[in-house]
Q: 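A single structure is presented below for examination.
Excluded from the calculations below are hydrogen atoms, water molecules and symmetry mates; all remaining heavy atoms, backbone and side chain alike, are included.
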Amino acid sequence: MPELPETETIARDLDRLVSGGEVRGCTILRPDVLRRVNAASIGTKLIGRRIERTWRRAKIVVLDLNDGQRILVQPRFTGSMRVIRDCDSPTLPHECVRLALADGRALLYCDIRRLGTFSVVSEGQFSDIDSTLGIEPLDPAFTGARLSGILRSSGRFVKVVLMDQRRIAGCGNIYACEALWRAGIDPSRRADLLSGDDAQALRDALVGVLSASIEARGTTFRDFRDARGERGQFAASLEAYGRGGQPCRRCGHRMIETHAIDGRATHFCYRCQE
Ligand SMILES: [Zn+2]
């Protein structure tokens with residue numbers, strides 16, 4: 001599932017490709033991906049509007065329109081956004097939404113399993129959504145002290161707190177495993193029992209791994225594709241996620257895979273993550 005680096009990659013690509021573009025037409029092929037808008041009204045809301053900027057909040061791609069509305073795309077497991085040269089070209093497999101642009105290109109939302117969503121929201125609706133999301137880990141305000149405060153307020157497993165979108169936005173299973181491995185912290189430790197030094201190490205590890213993955217245009221296991229339809233390159237750099245049963249790259253001990261922490265696959269080293 002796309003996490004922060006993959007969503008950031010899509011948003012940066014789209015910002016370069018479609019900012020300034022005007023929506024000329026709107027075709028809904030799979031209305032079940034729509035949220036907060038329906039197939040009958042989406043054209044009225046979007047046609048004639050200009051895309052001013054594309055950016056990311058948490059795991060959501062945000063397209064700011066010139067009238068204050070926003071398009072929000074949450075790719076979830078198998079969603080992707082593509083820009084195609086010819087807005088009249090044949091429908092692509094798994095295409096859900098096609099926005100024709102005034103310059104003749106089109107912006108598509110494609111989704112194999114259709115668990116992702118495509119929304120159109122007002123400024124007020126966006127503020128409501130934004131207020132439910134936690135701090136962005138790449139925000140300079142996300143310091144070790146700030147993370148320490150977040151961790152101290154929860155008696156849950158540290159990994160679960162890292163992935164709680166209401167507290168920290170954009171971190172999912174892959175980057176939680178990676179950050180905890182880098183910081184040498186056992187994913188099943190109670191968040192409120194971590195020291196200030198632990199929090200600082202974890203903050204530095206999370207920021208480091210997210211930044212490195214953005215540089216590599218994200219991690220692709222199966223389905224993630226960027227706006228060019230290409231795979232991210234960070235999978236080769238993963239130190240923990242997906243490495244259960246293999247030797248730890250720090251101490252050589254056999255890495256563990258467990259589902260006991262949060263029901264998802266957690267990979268960690270029993271020996272050097274304490
Ligand atoms: Zn180890």
Q: Is Arg249 reaching over with its side chain to a backbone N or O of Leu238, donor-acceptor style, under 3.5 angstrom?
A: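 Yes, because the side chain of Arg249 sits within donor-acceptor range (under 3.5 Å) of the backbone of Leu238.
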
Q: Side chain of Gln233, backbone of Arg231: donor and acceptor closer than 3.5 Å?
A: yes

Q: Considering residues, nucleotides and ligands other than Arg30, do more than 12 of their heavy atoms fall under 6.0 Å from its CZ?
A: no

Q: Assess the residue pair Gln246 and Arg254 against the criterion (side chain to side chain contact (heavy atoms under 4.5 Å, CB included)); give the C-alpha distance rounded to whole Å, side-chain angles, the decisive distance to 0.1 Å, and a yes or no.
A: CA-CA 5 Å; Gln246 298 178 50; Arg254 192 166 175 267; over 6 Å; no

Q: Same cluster for Met163 and Phe268 if Ile/Leu/Val/Met/Phe/Trp/Tyr side chains link at under 4.5 Å?
A: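 Met163 and Phe268: separate clusters.
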
Q: Closer than 4.0 angstrom, basic N to acidic O: yes or no for Lys159 and Asp262?
A: yes

Q: Can you tell me which residue among Val61, Val73, Val62 is in a side chain to side chain contact (heavy atoms under 4.5 Å, CB included) with Thr54?
A: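 Passing option: Val61.
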
Q: Can you tell me how far apart CG (Leu107) and CD1 (Ile51) are? Round to the nearest 0.5 Å.
A: 5.5 Å

Q: Below 4.5 Å, heavy atoms only, C-beta onward: do Asp128 and Val121 meet side chain to side chain?
A: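 Asp128 does not reach Val121 side chain to side chain.
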
Q: Tell me whether Glu3 contacts the main-chain N or O of Ile174 through its side chain, where contact means a donor paired with an acceptor under 3.5 Å.
A: yes

Q: As an exercise, state the distance from NE2 of His94 to CZ of Arg82, rounded to the nearest 0.5 Å.
A: 10.0 Å

Q: Between Asp111 and Pro75, what is the shortest heavy-atom contact and its length?
A: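 Heavy atoms of Asp111 and Pro75 come nearest at OD2-O, 4.1 Å.
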
Q: Any side-chain to backbone donor/acceptor pair from Arg250 onto Cys269? Under 3.5 Å, distance only.
A: no

Q: Less than 4.0 Å between a side-chain N and a carboxylate O, is that true for Arg217 and Asp13?
A: yes

Q: Are the side chain of Arg56 and the backbone N or O of Ala58 linked by a donor-acceptor pair below 3.5 Å?
A: yes

Q: Below 4.5 Å, heavy atoms only, C-beta onward: do Ile71 and Leu99 meet side chain to side chain?
A: yes

Q: Could you report the tightest heavy-atom contact between Ala106 and Arg98, atom names first, then the distance?
A: CB-CG, 4.0 Å

Q: Can you label the angle between the Phe118 ring and the Tyr109 ring as parallel, tilted or perpendicular, going by 30° and 60°?
A: tilted

Q: Is the side chain of Gln273 donor-acceptor paired with the backbone N or O of Tyr270 at a distance under 3.5 Å, no angle test?
A: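 Side chain of Gln273 to backbone of Tyr270, a donor-acceptor pair under 3.5 Å: no, none is there.
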
Q: When you compare the side chain of Leu138 with that of Leu4, does any pair of heavy atoms fall below 4.5 Å?
A: yes

Q: Are Ile60 and Thr7 packed together at the side-chain level, in the sense that at least one heavy-atom pair is separated by less than 4.5 angstrom?
A: no

Q: I'd like to know if Leu29 and Leu101 are part of one continuous hydrophobic network [Ile/Leu/Val/Met/Phe/Trp/Tyr, side-chain heavy atoms within less than 4.5 Å].
A: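 No, Leu101 does not connect to Leu29 through the hydrophobic network.
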
Q: Linking directly or through intermediates, with side-chain heavy atoms under 4.5 Å: list the remaining ILVMFWY members grouped with Ile261, chain and number order.
A: Phe157, Val160

Q: Taking atom types as modelled and ignoring hydrogens, do the side chains of Ser195 and Asp198 form a donor-acceptor contact shorter than 3.5 angstrom?
A: yes

Q: Considering all heavy atoms of both residues, which atom of Ala179 and which atom of Ala205 are nearest to each other, and what is their separation?
A: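 Heavy atoms of Ala179 and Ala205 come nearest at O-CB, 3.3 Å.
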
Q: Between the side chains of Arg53 and Asp64, is the shortest nitrogen-to-carboxylate-oxygen separation below 4.0 Å, so that they form an ion pair?
A: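 So Asp64 pairs with Arg53 through a salt bridge.
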
Q: What residues, two or more places apart in sequence or in another chain, satisfy ring-ring contact (aromatic ring centres under 6.0 Å, His included) together with Phe126?
A: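 With sequence neighbours excluded, Phe126 shows a ring-ring contact (aromatic ring centres under 6.0 Å, His included) to Trp55, given in chain and number order.
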
Q: Is there a continuous path of hydrophobic side-chain contacts, each under 4.5 Å between heavy atoms, that joins Met81 to Val23?
A: yes

Q: Please say whether more than 12 non-hydrogen atoms of neighbouring residues, nucleotides or ligands are located less than 6.0 Å from CD in Glu215.
A: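 Atom CD in Glu215 is not crowded, with 12 or fewer foreign heavy atoms closer than 6.0 Å.
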
Q: Inspect the contact between Arg24 and Glu22 and indicate whether a charged nitrogen and a carboxylate oxygen are less than 4.0 angstrom apart.
A: no

Q: Does any donor atom in the side chain of Arg114 or Thr78 lie under 3.5 Å from an acceptor atom in the other side chain?
A: no

Q: Yes or no on side chain to side chain contact (heavy atoms under 4.5 Å, CB included) for Leu72 and Thr117, after CA distance, side-chain angles and deciding distance?
A: CA-CA 8 Å; Leu72 307 184; Thr117 57; over 6 Å; no

Q: What closest approach, in Å, do Ala191 and Val161 show between heavy atoms, and which atom pair accounts for it?
A: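 That would be CB-CG2, 3.8 Å.
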
Q: Run the side chain to side chain contact (heavy atoms under 4.5 Å, CB included) test on Arg167 and Ser153 for me, step by step, so that the C-alpha distance in whole Å, both residues' side-chain angles and the decisive distance to 0.1 Å come before the verdict.
A: CA-CA 10 Å; Arg167 296 170 187 269; Ser153 69; 2.9 Å; yes

Q: Just verifying a value: how many Å separate Glu6 CD and Ser80 OG, rounded to the nearest 0.5 Å?
A: 13.5 Å

Q: So how far is it from Ile10 CD1 to Leu17 CG, rounded to the nearest 0.5 Å?
A: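 One finds 12.0 Å between CD1 of Ile10 and CG of Leu17.
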
Q: Are any side-chain N or O atoms of Ser154 and backbone N or O atoms of Leu151, one a donor and one an acceptor, separated by less than 3.5 Å?
A: no

Q: Are the side chain of Ser127 and the backbone N or O of Glu123 linked by a donor-acceptor pair below 3.5 Å?
A: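 Between the backbone of Glu123 and the side chain of Ser127 there is a qualifying donor-acceptor contact (under 3.5 Å).
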
Q: Please confirm whether the backbone N or O of Ser19 pairs with a side-chain atom of Glu52, one donor and one acceptor, at under 3.5 Å?
A: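 Answer holds: no.
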
Q: Verify the cluster assignment for Ile28 and Val37: are they in a single hydrophobic cluster under the rule of side-chain heavy atoms below 4.5 Å apart?
A: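 Same cluster.
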
Q: Any carboxylate oxygen within less than 4.0 angstrom of a Lys/Arg side-chain nitrogen, looking at Arg57 and Glu136?
A: yes

Q: Locate the shortest heavy-atom distance separating Ser41 from Asn38; write the atom from each residue and the value.
A: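 The pair with the smallest heavy-atom distance is N-OD1, 2.9 Å.
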
Q: Kindly determine whether Arg190 and Arg156 satisfy side chain to side chain contact (heavy atoms under 4.5 Å, CB included), including the steps that lead there.
A: CA-CA 5 Å; Arg190 265 181 62 160; Arg156 302 171 79 193; over 6 Å; no

Q: Could you tell me the separation between the CZ atom of Arg105 and the CG atom of Leu108, rounded to the nearest 0.5 Å?
A: 11.5 Å

Q: Please step through salt bridge (Lys or Arg N to Asp or Glu O under 4.0 Å) for the pair Glu178 and Arg182, ending with a clear verdict.
A: CA-CA 6 Å; Glu178 291 300 304; Arg182 287 186 175 209; 5.0 Å; no

Q: With side chains defined as the heavy atoms from C-beta onward, is the minimum distance between Cys272 and Cys248 less than 4.5 Å?
A: yes

Q: Pick out which of Ile214, Thr9, Thr219 makes a side chain to side chain contact (heavy atoms under 4.5 Å, CB included) with Phe234.
A: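 Going through the options one by one, the only one that passes is Thr219.
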
Q: Report yes if some heavy atom in the side chain of Lys59 is under 4.5 Å from a heavy atom in the side chain of Gln165; otherwise report no.
A: yes

Q: Do Thr266 and His259 have side chains that get closer than 4.5 Å, going by heavy atoms?
A: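 The answer is no, as the side chains (C-beta and beyond) never meet within the 4.5 Å cut-off.
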
Q: Answer yes if Leu202 and Phe142 sit in the same cluster of Ile, Leu, Val, Met, Phe, Trp and Tyr residues linked by side chain heavy atoms under 4.5 Å apart, and no otherwise.
A: yes

Q: Does Arg243 come within less than 4.0 Å of Glu239, counting only side-chain N to carboxylate O?
A: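 Salt bridge absent between Arg243 and Glu239.
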
Q: Using a 3.5 Å distance criterion without hydrogens, assess whether the side chain of Ser213 forms a donor-acceptor pair with backbone atoms of Leu210.
A: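 Absent.
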
Q: Restricting to non-hydrogen atoms, name the atom on Thr143 and the atom on Arg203 that form the minimum distance, rounded to 0.1 Å.
A: C-CG, 3.8 Å

Q: Determine whether the side chains of Ser188 and Asp186 contain a donor N or O and an acceptor N or O closer than 3.5 Å.
A: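 Judged by distance alone, the side chains do pair up.
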
Q: Could you give the distance from SG (Cys26) to NZ (Lys45), rounded to the nearest 0.5 Å?
A: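 Here the rounded value is 12.0 Å.
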
Q: With a 4.5 Å heavy-atom cut-off, do Leu206 and Cys171 have their side chains touching?
A: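 Answer yes - side chains close enough.
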
